Structure formats: structure tokens, C-alpha cells
There are 2 protein chains.
Amino acid sequence: MEWKDANGRALTDYPRPSVAVDVAVLTVHNDAVQALTVRHGDGMALPGTFLHPGETLADAAHRALGDKAGIGRVRIHQLRMFDDPDRDDRGWVVSMAHGATIPAAELPPNATVLPCDDPVVADLAFDHRHMVGLALADLRERYARRPDPDHLLGDSFTILELRRLYEIVFSRPLPKDSFRRHVIEGLVSTGETSSIGGGRPAETFRRCDLNELPRSAAALFTE
Amino acid sequence: MEWKDANGRALTDYPRPSVAVDVAVLTVHNDAVQALTVRHGDGMALPGTFLHPGETLADAAHRALGDKAGIGRVRIHQLRMFDDPDRDDRGWVVSMAHGATIPAAELPPNATVLPCDDPVVADLAFDHRHMVGLALADLRERYARRPDPDHLLGDSFTILELRRLYEIVFSRPLPKDSFRRHVIEGLVSTGETSSIGGGRPAETFRRCDLNELPRSAAALFTE
DNA sequence: CTAATAGTGTCTCTGAGACACTATTTG
DNA sequence: CAAATAGTGTCTCAGAGACACTATTAG
């Protein structure tokens, strides 16, 4: 027996919006946080698609990344739903904005990335520039809590590499000694060393199991 | 001319999910954070409805609160989308979870509220118990940043009233002197006093324009 | 007066940031 | 050796929490 609501209307009687997903894929490249964009009509937009039956939003987001940008599985998280009824002149389309992060080296060679503060990003289709802003804020919040949670660096890295990354993500210089003391307890030494610079080889670290950073780290990064 | 996607399908050719909204309305009552629930079949659920054409999600959420719980306009914010294709056995329904907060005194007299840790909340329909958990976490985060941002207290209040509220929200006793020093800079004195307790009258305060709490306040509340 | 609550002076101890020093490599 | 980078000892200062004291009301 078919379900009816309080007004006696079946579920299928209601007009329904198209549900889209868009993904702001961020990366760090050329000393800047950059966002992946794809061609869309005359301009650029974030990769996105419509939700298909049987899919979750994350499934659709992964499919969009594969189809429109040639990107495989990455961790994706919801940001928020953009739901202005007039946001898309093709019709009634609500879109869930998602964020993802990928090392620049894993991007397909033909990918277009733009610094988040690039004027072209401000000119993206729909409300996509707001999505980039949300994704960047979300990235910073997560990086303030854990050391490189999105694995922009590999499994192991030196503290200098980590600090350079954080200086880019938070757009500010970070003092080397304070930085070290703040992040070290979220890391565990590999026992190995790496000498990329000319001087004394640096210890390399992995993220440890409970790799939370102290609350004070957020203050160091953002104040 | 109608829009076609890369596969030559028009927007209207795609099967679309029903889009629902659900709202976890929290209040503080009987020394506990409680969630508003409404009857749903044999059990209880959060108030919710389907998104109508021309509406935003917030509009729909407000309509649901009015229709199902007799609640007028309150601030509502998105939590996240619940999108398991099988979450609703009536069909394909995705639902945006929302949070809202309302003073207990403004609830309609017949409203049912349940403490967030009540077993009945764990037994709510669909995934609604997760929504209550998200709403509570969100409430705490926002209360850690600003003094009573949801106006559970009135426009003016004493620091004791504020502290009692925070002790309930964060489920822990808070030292009166440290609490005062942490919150005072997010407040401005009204010049008036209030003597509800038997002793010396207490100064009353309003939230000030830039009413951010220091970062250390979050540590006091949550550590 | 006592009881009750409001508000504050102050002590101590932690810990963050700054600086400078030591350590280990290459050339 | 000098140069370069890694890592740490330590000083100082701010500030958080604890305690106790003063302040202001009711009865």
C-alpha cells in the first residue's frame, strides 16, 4: 500500500528538485592553496553532477571527480547545501557542496588549478566561489586539529616539510621552534632521517594513532 | 531551448529523490538539554517535512516547525545531509538535518521534549537520533565561541544565570570566578542589577556587539 | 548579627614564545 | 674549516585556576 502524507498526497506527487553535488578539490601547489576547476560553458566551474538513484552524495561526488577530472577515490566531506531556488537557471537544482584534498602530484597532468584568491575563482559559475571559500575554511579547521590529516605529504615527512605546508595553508610564517613543539606530540618518529636540504639530516615522522594536536596549536596557526 | 547534459538527457529526465528537512529543536529544561519530538506512527520523530517548490531548506524547516510543533520563527542552521538511499522505506528520500534552539518558555504548552540522552531519543524514527547528536555537538561548539548565542536567556541576564546555563549545556560544573573572567569580555553591563537569589544583587549584562569569547573559554567548558 | 550571593585581589604554576646555543651533516 | 639545517636548553612573561577576601543585600 502506498504511503500518503497528512494531505493525502503520495510521495511521488510532490514536485522534487534535482539534487546536484559539487566538489571543491583543494591542493597545495606553487606555495598556494589551489582549487581544481573544470570548463563549464564559456567559463569555469567546480566539478559536479546530479545525484543518481541508489547513490549517496559521496558516490555522486566521486563519480563527478572521475568523469570530469579524472580523479580517483579521495576522502570527501559535506560542506553545506546551496538551496536558493533560483541559483541555477536550468531549473530547480539544489547542490550539496563538498570538499576534498589531493596532493598536487596526484592530479591528472591536464588539470586546471587556480589559487583560491584568484579572480577566476571569484568568477566561477553558480555559487561555486562560495564553495571554495567554505572548503578552504574547512581545510584550515581540520589542519588546526590534526597534522596534515588529508595526507598532502606522504606517510612520513620531516617537520620542516610539515611547517612549510602549514605556512601555505594558513598564509603566515610559523616559528620553527614553537611549531615543532606544538606538532610533535601528534607525531611519532620513524627512526629514519632525510637530508633534502644541505645540512644536518632531519628526523622523519608519521602521524600517530591518536594524532590530535594540542588546542594551543590552533592559536599558533591562526592568531 | 531545453538544457541537455553530456549524455543528451534533459534535467527533467533524471529520477530525483524527495528532499526532506528535519529539525532537531533543542531547549534547556529541568537542568538538561532536551530535544523536541513529535508523534510519528507508533513512535516519535523529529519534526520534518518535504521541500516544496520555490522554498529554501530553511523555509521548509520553518514550515515544519509551524505545522508539526506550533513553533514560530527561530534561527535554523544546516547540520548535514542524510543520504543513505535506504534510510526511508517509503522511497528515495534524502533529508537535510537542521538544528535550532528555543527557550523552554517559548515552546507550545503541549510540546514533548526529551533529554538528549533519553532512551526514547535513541529510538527515534529514521536516523533522527544521529541528528540530535549533531545538533548537540553544534550547540556546544557555538556556545563555546559566544555567550548564549541562541538567546536561551533573555536579552539581559546575570553571570550566575549564564553559568548555570553553561553548566547544563556542557554537563559539568564550572568555577564561578574563572567563568566570570572568561565570559565577561563578551558582555557589556546594562548598569541594572537583579536580585533573584537572596544575597547581593547581581549586575546584569547584555551580549556586546563583537561578543566573541576568548579561545581559552572553550578549554574551560570542555576540558 | 548571620546567611547568602556578588565580585575581586592575589598567589602560584604552567606553558607559550623568543633567543641562543649545541648537533650533525656537506663541501 | 665554513655553511647550512636540525634540534634543544632556558628565560621571561602572560595568563589560568584556586583561594580567600571584601561587598552588598535580606531577614
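Heavy-atom basis, side chains included; hydrogens, waters and symmetry copies ignored. Remember, predicted model here, so these are calculated numbers, not experimental data. First the proteins, then the strands, lettered A, B, ... as listed; each starts at 1.
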Phosphate OP1/OP2 of C:dG15: any A:H182 side-chain N/O under 4.0 Å: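 Answer is no, no contact under 4.0 Å.
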Contact under 4.0 Å: B:S178 side-chain N or O vs D:dA16 OP1/OP2: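 Answer no for this pair, as no side-chain N or O of B:S178 is under 4.0 Å from OP1 or OP2.
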The side chain of [X] lies closest to which of these nucleotides: [options]?
| X | options | result |
| --- | --- | --- |
| A:R181 | C:dA6, D:dG17, D:dG9 | D:dG9 |
| B:D177 | D:dA20, C:dA18, D:dG7 | D:dA20 |
| A:A202 | D:dA6, D:dT25, C:dT25 | D:dA6 |
| A:P201 | D:dA18, C:dA6, C:dT24 | C:dT24 |
| B:R200 | C:dA16, D:dT5, C:dA6 | C:dA6 |

Check: C:dG15 base within 3.5 Å donor-acceptor of A:R215 side chain: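 It does not, because no donor-acceptor pair links the side chain of A:R215 to the base of C:dG15 below 3.5 Å.
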Any N/O donor-acceptor pair, B:R180 side-chain to D:dG17 base, under 3.5 Å: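 Not at all, since no donor on one side and acceptor on the other fall under 3.5 Å apart.
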Check: A:R140/A:T222 side-chain N/O donor and acceptor closer than 3.5 Å: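 Checked: A:R140/A:T222 side chains show no N/O donor-acceptor pair below 3.5 Å.
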Pair A:T204, A:T190: side-chain N/O donor-acceptor within cut-off below 3.5 Å: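 Per modelled atom types, A:T204 and A:T190 side chains form a pair under 3.5 Å.
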Figure out the [atom1]/[atom2] separation between [X] and [N], and round it to whole Å.
| X | N | atom1 | atom2 | result |
| --- | --- | --- | --- | --- |
| B:E185 | D:dA14 | CD | P | 16 Å |
| B:L220 | D:dG17 | CG | C1' | 9 Å |
| A:E203 | D:dT5 | CD | P | 19 Å |
| A:I184 | C:dG15 | CD1 | C1' | 17 Å |
| A:E192 | D:dA6 | CD | C1' | 17 Å |
| B:L162 | C:dA6 | CG | C1' | 15 Å |
| B:E223 | D:dG17 | CD | P | 8 Å |
| B:F179 | D:dA18 | CZ | C1' | 17 Å |

Sugar-phosphate only, base, or nothing, as touched by A:I159 at under 4.0 Å among non-hydrogen atoms: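 Nothing: the residue A:I159, judged by heavy atoms under 4.0 Å, touches no strand.
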Over 12 foreign heavy atoms within 6.0 Å of CG, B:D84: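 Yes, because the 6.0 Å sphere around CG of B:D84 holds more than 12 heavy atoms from other groups.
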Residue pair A:A24 / A:V132: nearest heavy atoms and the distance that separates them: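 Reported closest heavy-atom pair: CB-CA, 4.3 Å.
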Aromatic centroids of B:Y166 and B:F179 separated by under 6.0 Å: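 Ring centroids of B:F179 and B:Y166 are less than 6.0 Å from each other.
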